[in-house]
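Worksheet for the structure shown next.
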Amino acid sequence: MRYRFYLIGLSLWLAACNNGGDKKTGTSSDSLAIREKYAASPVLDAKTAISQMVVEKGLEVQLVAAEPLVTVPVAMTFDEKGRMWVVEMTGYMPDTVGTGEDIPNGKVVILEDTNQDGVADKRTVFIDSLVLPRAICLVENGILIAEPPKLSFIEINNDKPGKRTLVDDKYTEGGNVEHQPNGLLRAMDNWIYNAKSDKRYRKVGNKWVKELTHFRGQWGISQDNYGRLFYNNNSENVLGDYFPAGLGAHNPQQKNVSGYDEKIVADNHVYPARPTTGVNRGYMKGTLDDSLRLVNMTAACSPLVYRGALLGKAYDNNIFVAEPSGNLIKRNIIRDSGYIVKGQQAYAHKEFLTSTDERFRPVSLYDGPDGSLYILDMYRGIIQHKTYLTPYLKNEIKSRNLTNPLNCGRIYRIVPAGTHPKGAVIENDPARLLVLLSNPNGWLRDKAQQLIIDHHYTTLVPGLRALLQQKDSLYTQVHALWTLEGLGALQLTDVMVLLHQANPYAQAQGLAALPAVINAANGKAVLSELAMMQKNVFLAPYVALLLPALPAQLHADVELLKMQLVEAYANDQYVADAVISCMAGKEAELQQQLKNWNPDTTLVLAKRLKRVLKDIENHRKASMDESLQKAYPRGAVLFKTVCQTCHGADGDGIQSLAPPLNQSEIVTGDKHRLAAIVLFGLTGPVTVAGKQYKAPEISGDMPGIGSNDEFSDKDIAEVLSYIRGAWSNRAAKVTEKDIQEVRKQYKGRQKSFTISELK
């Protein structure tokens, strides 16, 4: 009887939301029958849960750990002993209003397989009393732990926490649990990168160094065998970089640099094995198909470049993506074409792994020491954070008892069927570590590089230089190169080994490492090399990206090389953006140089430079002063928590996420229309300053916050007044009464607006 009343109410809801029974929106009698069949969502033990999974033929899913050994796992890393260090975000969404999220009950635990049967059997709590911890990274004798808003380094003493060092007290600035930095990927270039962040970190001696880098992704970050970074956001399958991670982020006024944050796989369709009505906007037309299954990604996360070798050559360098809302894991095949990286889904209308268990929530994927693909499963009903929780999903959760239990969690691995690979234990022996740099398993190569650097094994420098000469194994050369860099032993002659090879991917690695060795003494020689290489179309963007690394005393020669690049590649977007990236504060000077050479305003470089200059002018006019924050203190806080994470701190939008708020006619126009959007949400496309924004360029929907009890009408009025007065906006404030009037006008409404409706 409980389900019958639920179905009657839900059918009326869907009819109202979809204008009555469109075949494609899940309101037919067949779809109601499907809802009734799948209304229950029973909690399954881990082994039974595996029986509900279907994985690619020839592979199988094996259980590694389950509750009570692990609960609510969201991130992990392996140590050299093959042990798993797991982050447990115990406090995440205990109910639909997030009661107790601020309770310090998060942990970092060590899981160990003591009898080498592939299943963890020992749990050690390394540290507890954390509030919503989200990422970790092992470095030297300690571990980085991200616990918003801070990033801390804690020394490890016999698996117990020792001295704590604050690395960054603003690791997260604003945002909510779904929109805060995470990842802490220790990349091939020896820097630690994050998703949802523009910062990177590195330990140099006893000090931690922090630098700005490109803003990347939302949840999860991975690297390929060349050290290129890949990431995504909730609505997009795979994004990533064409060029080295450490280059191209020299100009803070340049919002986007071509070759970074590129769409690698544009197809965002998903193919769940079961109805997925428990998604946040399941009531919206087009979210679910006629079988009530998710159509496009809505919670994509943790892209993983598989480098484990165990699954077979067909899976090498594939990028796997978790989709917990669809209870599935997607496989994408990636290919290089010059420096361009593109990919496609591996299958038509099917997935790599699916489950009919609605509580299967894969949130993080990892390569393992044994070559397996590891899956972290939060195993729960609620995964949507309260900030954006719609009334529709609240109803789903309540009617179908999806809140409890909260003490589950599983870790699985995918292996060739019938096999039981044993975890690799890496001996702390310099000679053995050197050999591992040639191992086919990318995880082992990475770990060997890190251990050599962490233990300062400078006695291996001659051996590393010998590996650098192994021109039949580029992956070995790459790791030898960056291990030398990490030891502080890299020299220009080492880099030249790669620069002088015929393989352009080897040359690209050498170019990426050049900043580590360029100095006043060798600058002229490096410049000569670059002048020759800029004639190669493949290498020209790398050369342009390296201009800021050249010594200041060679300014005249660097200017000459820059103009050679401009004249040869003025219509190449990658070279154009690379040149702009090295002209921070001198953009107007570059524009004049370009006009002197060629006044054609249709040149790609001219157009992209004009856009950057416009952004600079907008920033100059900006008015994010203290008086505005004093006038709307709660609005300023909500902006940082809710709005900034997608629209940017400068209000100019974030590529792949959301359009600008600055100089937006939607923001500065009718305040009642703006209030309706914020209360109930907006479905794209939208036009801002003459440019249309739509999926997949940005997330296709902005969720409303009107049903969130955490925000009062006064709060919402304040945040709207704040953004209407910020930056270059100069619009009238919004009052609490305005919000109440809009609520009254649209009483009973649940679905998002479109711009055409509001007009």
What distance separates Ile110 CD1 from Ile127 CD1, expressed to the nearest 0.5 Å? 11.0 Å
Heavy-atom nearest pair, Arg413 first then Gly118, reads NH2-CA, 3.8 Å
Side chains of Gln218 and Asn232, donor plus acceptor under 3.5 Å: no
Between Gln450 and His455, do the side chains contain an N or O donor and an N or O acceptor separated by less than 3.5 Å? no
If only side-chain N and O atoms count, and only distance matters, is there a donor-acceptor pair under 3.5 Å linking His479 with Gln449? yes
Kindly determine whether Thr213 and Asp198 satisfy side-chain hydrogen bond (donor to acceptor under 3.5 Å, both in side chains), including the steps that lead there. CA-CA 5 Å; Thr213 182; Asp198 61 358; over 6 Å; no
Examine distances only and state if a side-chain atom of Asn233 and a backbone atom of Ser235 form a donor-acceptor pair shorter than 3.5 Å. yes
Sub-3.5 Å donor-acceptor pair from the side chain of Asp370 to the main-chain atoms of Lys422, do we have one? no
Evaluate the criterion side chain to side chain contact (heavy atoms under 4.5 Å, CB included) for residue pair Lys196 and Asn182; output intermediate values, then yes/no. CA-CA 7 Å; Lys196 199 66 181 180; Asn182 61 87; 4.3 Å; yes
Less than 3.5 Å apart, any donor N or O on the side chain of Asp79 or Trp85 sitting next to an acceptor on the other? yes
For Gly486 and Arg202, which heavy atoms make the closest approach, and how far apart are they? CA-NH2, 3.8 Å
Strictly distance-based, threshold 3.5 Å: is any side-chain N or O of Asp377 a donor or acceptor partner for the main-chain N or O of Arg361? yes
Answer yes or no: is there a side-chain heavy-atom contact under 4.5 Å between Asn234 and Met297? no
Checking Asn428 against Tyr457: is there a side-chain donor and acceptor pair closer than 3.5 Å? yes
Quick check: closest heavy atoms across Pro73 and Gly409, and the distance to 0.1 Å? CD-CA, 3.7 Å
Non-hydrogen side-chain atoms of Tyr379 and Val43 separated by less than 4.5 Å: yes
Can you tell me how far the OG1 atom of Thr172 sits from the CG atom of Asn194, to the nearest 0.5 Å? 11.0 Å
Met76 versus Tyr374: any side-chain heavy-atom pair under 4.5 Å? yes
Let me confirm one number: the CG-CD1 distance from Leu138 to Ile156, rounded to the nearest 0.5 Å. 5.5 Å
Validation row: Lys170, Lys210 side chains within 4.5 angstrom (heavy atoms): no
Given Asp316, Asp446, Asn441, Asn318, the one that forms side chain to side chain donor-acceptor pair (under 3.5 Å) with Arg307: Asp446
Please set out all donor-acceptor pairs under 3.5 angstrom arising from side-chain atoms of residues 144-155, sequence neighbours excluded.
residue, atom, partner, partner atom, Å
Glu147, OE1, Lys150, NZ, 3.2
Glu147, OE2, Val131, N, 2.8

Count the heavy atoms of every other residue, nucleotide or ligand shown that sit under 6.0 Å from NZ of Lys199, and state whether that count exceeds 12. yes
CA sep, side-chain torsions, deciding dist, call: Leu63, Val119, side chain to side chain contact (heavy atoms under 4.5 Å, CB included): CA-CA 7 Å; Leu63 180 65; Val119 179; 5.5 Å; no
Within the distance-only criterion (no hydrogens, no angle test), does the side chain of Glu262 pair as donor or acceptor with the backbone N or O of Leu239 below 3.5 angstrom? no
Say whether, by atom type as modelled, one donor and one acceptor occur between the side chain of Glu323 and the main chain of Ala299 under 3.5 angstrom. yes
Check this for me, if you would: do Lys203 and Glu140 make a salt bridge, where the nitrogen-to-carboxylate-oxygen distance has to be below 4.0 angstrom? yes
Would you confirm whether Tyr306, through its side chain, and Leu311, through its main-chain N or O, come within 3.5 Å as a donor-acceptor pair? yes
Say you draw a straight line from CG of Leu487 to NE2 of His456; how long is it, rounded to the nearest 0.5 Å? 8.5 Å
Quick check: do Asn317 and Val305 have side-chain heavy atoms less than 4.5 Å from each other? yes
Using side-chain heavy atoms (C-beta onward) and a distance below 4.5 Å, is Asp261 in contact with Arg216? no
Under a 4.5 Å cut-off applied to non-hydrogen side-chain atoms, are Met89 and Arg134 in contact? yes
From Gln223 atom CD to Asp241 atom CG, the distance as rounded to the nearest 0.5 Å: 11.5 Å
Hey, can you tell me if Trp443 and Phe78 have their rings parallel, tilted or perpendicular (30° and 60° cut-offs)? perpendicular
To the nearest 0.5 angstrom, please state how far the OG1 atom of Thr483 sits from the CG atom of Leu434. 8.5 Å
Can you list every pair that meets ring-ring contact (aromatic ring centres under 6.0 Å, His included) and has a residue in residues 166-194, with sequence neighbours left out? His179-Tyr388
Less than 4.0 Å between a side-chain N and a carboxylate O, is that true for Glu173 and Lys640? no
Donor-acceptor side-chain pairing of Glu88 and Asn105 below 3.5 angstrom: no
For the pair Ser325 (side chain) and Thr298 (backbone), establish whether a donor and an acceptor sit closer than 3.5 Å, ignoring hydrogens and angles. no
Given side chains that start at C-beta, do those of Leu247 and Pro515 come closer than 4.5 Å, heavy atoms only? yes
Would you please indicate yes or no on a ring centroid separation below 6.0 angstrom for Trp208 and Tyr201? no
For Asp357 and Ser355, test the side chains for any donor-to-acceptor distance below 3.5 angstrom and give the result as yes or no. no
Salt bridge between Arg83 and Asp159, side-chain N to carboxylate O under 4.0 Å? yes
If only side-chain N and O atoms count, and only distance matters, is there a donor-acceptor pair under 3.5 Å linking Ser581 with Asn251? no
Pro133 to Gly106 - nearest heavy-atom pair and separation: CD-CA, 3.9 Å
Under a 3.5 Å distance rule, please check whether Trp219 uses its side chain to pair with a backbone N or O of Tyr231 as donor and acceptor. no
Checking Gln62 side chain against His420 main chain: does a donor-acceptor pair fall under 3.5 Å? no
If you apply the rule side chain to side chain contact (heavy atoms under 4.5 Å, CB included), what do you find for Ile136 with Val108, and how did you get there? CA-CA 9 Å; Ile136 51 175; Val108 174; 4.1 Å; yes
Closest heavy-atom pair and its distance - Ser222, Pro303: CB-O, 3.2 Å
If we ignore angles and hydrogens, is there a donor and acceptor under 3.5 Å between the side chains of Arg445 and Asn225? yes
Does the side chain of Gln384 pick up a donor-acceptor pair with the side chain of Glu178 at under 3.5 Å? yes
Is any side-chain N of the basic residue among Asp189 and Arg228 closer than 4.0 Å to the acidic one's carboxylate O? no
Test side chain to side chain contact (heavy atoms under 4.5 Å, CB included) on Phe126 and Val109 and set out the steps. CA-CA 5 Å; Phe126 172 72; Val109 302; over 6 Å; no
Backbone of Glu67 reached by a side-chain donor or acceptor of Thr71 within 3.5 Å: no
All heavy atoms of Thr645 vs all of Asn176, minimum pair found to be CG2-N, 4.4 Å
Before accepting this row, confirm whether a basic side-chain N of the pair Lys447/Glu427 lies closer than 4.0 Å to the acidic partner's carboxylate O. no
